[in-house]
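Quantities reported herein were computed from a predicted structural model and do not represent experimental measurements. Note: hydrogens, waters and symmetry copies are ignored here, and every other heavy atom, side chains too, is used.
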Amino acid sequence: MIGGNLWIGLVIAFMLAVTRDAWTIGWVAGFVAVGAAGSWVFILRPWVGIDGDDLVVVNLVGERRISLIDVAWTESGSAGLEIVKIDASSVTAWAIQQGNLTAALGRPSRSKEIASEIQRKVTEAKVRSQASSEPFRE
């Protein structure tokens with residue numbers, strides 16, 4: 001990623017050094033604006049979090065809120081964190097991915113830790129839900 005940004009910076013510097021034409025400066029400004037927007041969409045926007053009793057998944061084009069009680073299981077993989085709901089539908093969180101080499105070597109990864117933590121929160125939410133639905137006994 002750093003190498004790509006460095007290359008883009010060098011191209012922009014070269015273009016501005018070679019010409020002072022208004023069209024070139026406009027094209028460079030447009031190029032930088034598109035690059036900044038792309039960086040936000042692909043790098044900064046996607047995330048996964050827990051908000052109360054909801055699991056929030058923000059991907060490239062939208063946000064999904066899933067009740068923790070409705071989650072059957074989670075698994076990390078190279079395509080992202082797969083969240084399977086009780087009704088067998090699934091949501092893939094693009095923000096949390098496991099490298100292919102890490103998976104092949106069976107090494108611990110941050111994505112597996114996150115999947116385990118989400119599963120722990122799911123279990124806690126289900127226990128709380130069952131405890132609150134049981135009638136009070138003396």
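- Val48 has its side chain within reach of Leu55: a pair of non-hydrogen atoms, C-beta onward, lies under 4.5 Å apart.
- At least one side-chain heavy atom of Glu63 sits less than 4.5 Å from a side-chain heavy atom of Arg65.
- Between Pro46 and Leu60, some side-chain heavy-atom pair lies under the 4.5 Å cut-off.
- Side-chain atoms of Ser76 and Gln98, non-hydrogen and from C-beta on, do get closer than 4.5 Å to each other.
- Side-chain contact check for Ile96 versus Trp47: every heavy-atom pair is 4.5 Å or farther apart.
- By the rule that hydrophobic residues join a cluster once side-chain heavy atoms approach within less than 4.5 Å of another member, Val57 and Trp73 end up as members of separate clusters.
- Considering CG of Leu68 and CG of Asp53, their distance stands at 6.0 Å, rounded to 0.5 Å.
- The side-chain heavy atoms of Ile66 and Lys85, taken from C-beta on, include a pair separated by under 4.5 Å.
- Side chains of Glu82 and Thr92: no donor on one and acceptor on the other come within 3.5 Å.
- Contact check for Thr74 versus Val71: side-chain heavy atoms found under the 4.5 Å cut-off.
- Val122 and Val84 fall into different hydrophobic clusters, defined by Ile, Leu, Val, Met, Phe, Trp and Tyr side-chain heavy atoms under 4.5 Å apart, directly or through other members.
- At distances below 3.5 Å, at least one donor-acceptor pair connects side-chain atoms of Asp87 with backbone N or O atoms of Ser89.
- How far CZ of Arg128 is from NZ of Lys121: 8.0 Å, rounded to the nearest 0.5 Å.
- Here the closest heavy-atom approach between residue Ala95 and residue Asn59 is recorded as N-OD1, 4.4 Å.
- Minimum heavy-atom separation, Thr102 to Ser109: CG2-CB, 3.7 Å.
- Here the CD1-CD distance, from Ile83 to Glu75, works out to 12.0 Å after rounding to the nearest 0.5 Å.
- Remark: Ser67 OG to Lys126 NZ distance equals 9.5 Å, nearest 0.5 Å.
- Distance check, rounded to the nearest 0.5 Å: CD1 of Ile69 to OG of Ser129 gives 4.0 Å.
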